[in-house]
Amino acid sequence: HHHVSLLSYCWLPATGAQNDTEPIILEGKCLVVCDSTPSSEPAGSALGMSVRSGSGRVAFSASRQTNHEPTDMSNRTMIIYFDNILVNVGTHFDQESSVFVAPRRGVYSFNFHVVKAYNRQTIQVNLMVNGWPMISAFAGDQDVTREAATNAGLVILEKGDKAYLRLEKGNLMGGWKFSTFSGFLVFPL
């Protein structure tokens, strides 16, 4: 049986002290930590090896610190850009293009929270993979000053697949400070 320990609090690991069962810190949320070496299986199981090896650690989280002023590039691509990297383990998230490139085939978790402010238009935000919409979120309430299009989900990506956020409908005039976009490799396939 897998030994599963539920953590009710988070802590940041001391630099350099890499422990197999340390929690993954992602936007202050805690993930369940599993001990991936059950006694019934050989210690070198494929999953245990790849998750523990340095190359198996893939996580990013980016936020928006300044209000967005649409540029020629953002108006043309409609990609939502992030100017502040919080986490980029493995450096697979490119800040300039705000595109995540999958380093290997696996199940990836993504979540996003795109804020619209003082804007009466309905917005639709899509999580795109190689140009195809995978997950959508909407924000359209006309009476609130600040609202967010938020969603999360799991996606299977092949090595080299590109994931990013695209504004499908509406505009983000007036800024989307405090928006976030995060993702991580749950396990390789």
Side-chain angles (χ1 to χ4, degrees), residues 24-29 31 50-51 54-119 121-141 146-189:
I24 300 164
I25 310 292
L26 228 158
E27 293 188 339
K29 300 190 186 91
L31 306 182
S50 56
V51 168
S55 62
R57 293 173 185 247
V58 179
F60 78 92
S61 188
S63 69
R64 187 78 202 179
Q65 282 193 315
T66 56
N67 282 338
H68 173 61
E69 295 305 327
T71 61
D72 287 345
M73 181 154 165
S74 62
N75 283 337
R76 194 169 64 248
T77 64
M78 299 312 282
I79 289 176
I80 298 173
Y81 295 98
F82 294 87
D83 61 0
N84 181 42
I85 298 235
L86 302 168
V87 171
N88 198 3
V89 177
T91 62
H92 301 292
F93 181 76
D94 178 61
Q95 181 177 354
E96 193 179 347
S97 65
S98 288
V99 171
F100 170 78
V101 181
R104 59 188 302 169
R105 183 169 196 263
V107 174
Y108 291 81
S109 171
F110 292 101
N111 67 73
F112 59 88
H113 181 87
V114 175
V115 177
K116 78 182 187 94
Y118 310 107
N119 177 340
Q121 287 196 13
T122 297
I123 65 165
Q124 176 184 351
V125 176
N126 287 345
L127 172 71
M128 309 291 288
V129 175
N130 299 334
W132 292 93
M134 304 296 278
I135 303 171
S136 290
F138 300 85
D141 192 333
R146 199 173 288 259
E147 195 187 11
T150 299
N151 208 338
L154 297 176
V155 179
I156 293 177
L157 297 181
E158 303 292 335
K159 181 177 180 178
D161 280 356
K162 295 180 168 63
Y164 52 94
L165 295 183
R166 186 168 188 267
L167 184 67
E168 203 60 41
K169 184 180 175 190
N171 71 59
L172 292 168
M173 289 292 287
W176 35 283
K177 196 176 175 181
F178 310 122
S179 298
T180 58
F181 178 34
S182 305
F184 61 94
L185 173 64
V186 182
F187 50 80
L189 291 173

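In terms of modelled atom types and a separation under 3.5 Å, the side chain of N130 and the main chain of D161 share no donor-acceptor contact. One N or O on the side chain of R64 and one on the backbone of Y81 form a donor-acceptor pair closer than 3.5 Å. No donor-acceptor pair under 3.5 Å is formed between the side chain of N126 and the backbone N or O of P133.
The shortest distance between side-chain heavy atoms of V155 and L127 falls below 4.5 Å. Side-chain contact between V101 and D94 is absent, with no heavy-atom pair separated by less than 4.5 Å.
Atom NE2 in H113 sits 4.5 Å away from atom OG1 in T150 (nearest 0.5 Å). One finds the OG atom of S98 at 12.0 Å from the OH atom of Y164 (value rounded to the nearest 0.5 Å). With values rounded to the nearest 0.5 angstrom, F110 atom CZ is found 5.0 Å from L157 atom CG.
Between A152 and I135, the shortest heavy-atom distance links the atoms C-CD1, 4.2 Å. Shown here for L167 and I123, the closest heavy-atom pair between the two residues is CD1-CB, 4.0 Å. The heavy-atom pair separating N151 from S136 by the smallest distance is ND2-O, 2.8 Å. Looking at every heavy atom in both residues, P103 comes nearest to K159 through O-CG, 3.3 Å. Nearest heavy atom pair, residue I80 against residue R166, reads CD1-C, 4.3 Å. What you find for M128 and E168 is that their closest heavy atoms are SD-OE1, 4.4 Å.
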Report the C-alpha separation of V125 and F112 in whole Å, then their side-chain angles, then the decisive distance to 0.1 Å, and conclude whether the side chain to side chain contact (heavy atoms under 4.5 Å, CB included) test is met.
CA-CA 9 Å; V125 176; F112 59 88; 3.8 Å; yes
Go through F60 and F181 one step at a time and tell me if the ring pair (Phe, Tyr, Trp, His ring centres under 6.0 Å) criterion holds.
CA-CA 8 Å; F60 78 92; F181 178 34; 5.0 Å; yes
Listed pairs under 3.5 Å, donor-acceptor, residues 82-89 side chains, sequence neighbours left out:
unit_1: D83; atom_1: OD1; unit_2: Q65; atom_2: N; d: 2.8
unit_1: D83; atom_1: OD2; unit_2: T66; atom_2: N; d: 3.3
unit_1: D83; atom_1: OD2; unit_2: T66; atom_2: OG1; d: 2.7
unit_1: N84; atom_1: ND2; unit_2: S63; atom_2: OG; d: 3.1
unit_1: N88; atom_1: OD1; unit_2: H92; atom_2: N; d: 3.4
unit_1: N88; atom_1: OD1; unit_2: F93; atom_2: N; d: 3.3
unit_1: N88; atom_1: ND2; unit_2: F93; atom_2: O; d: 2.9

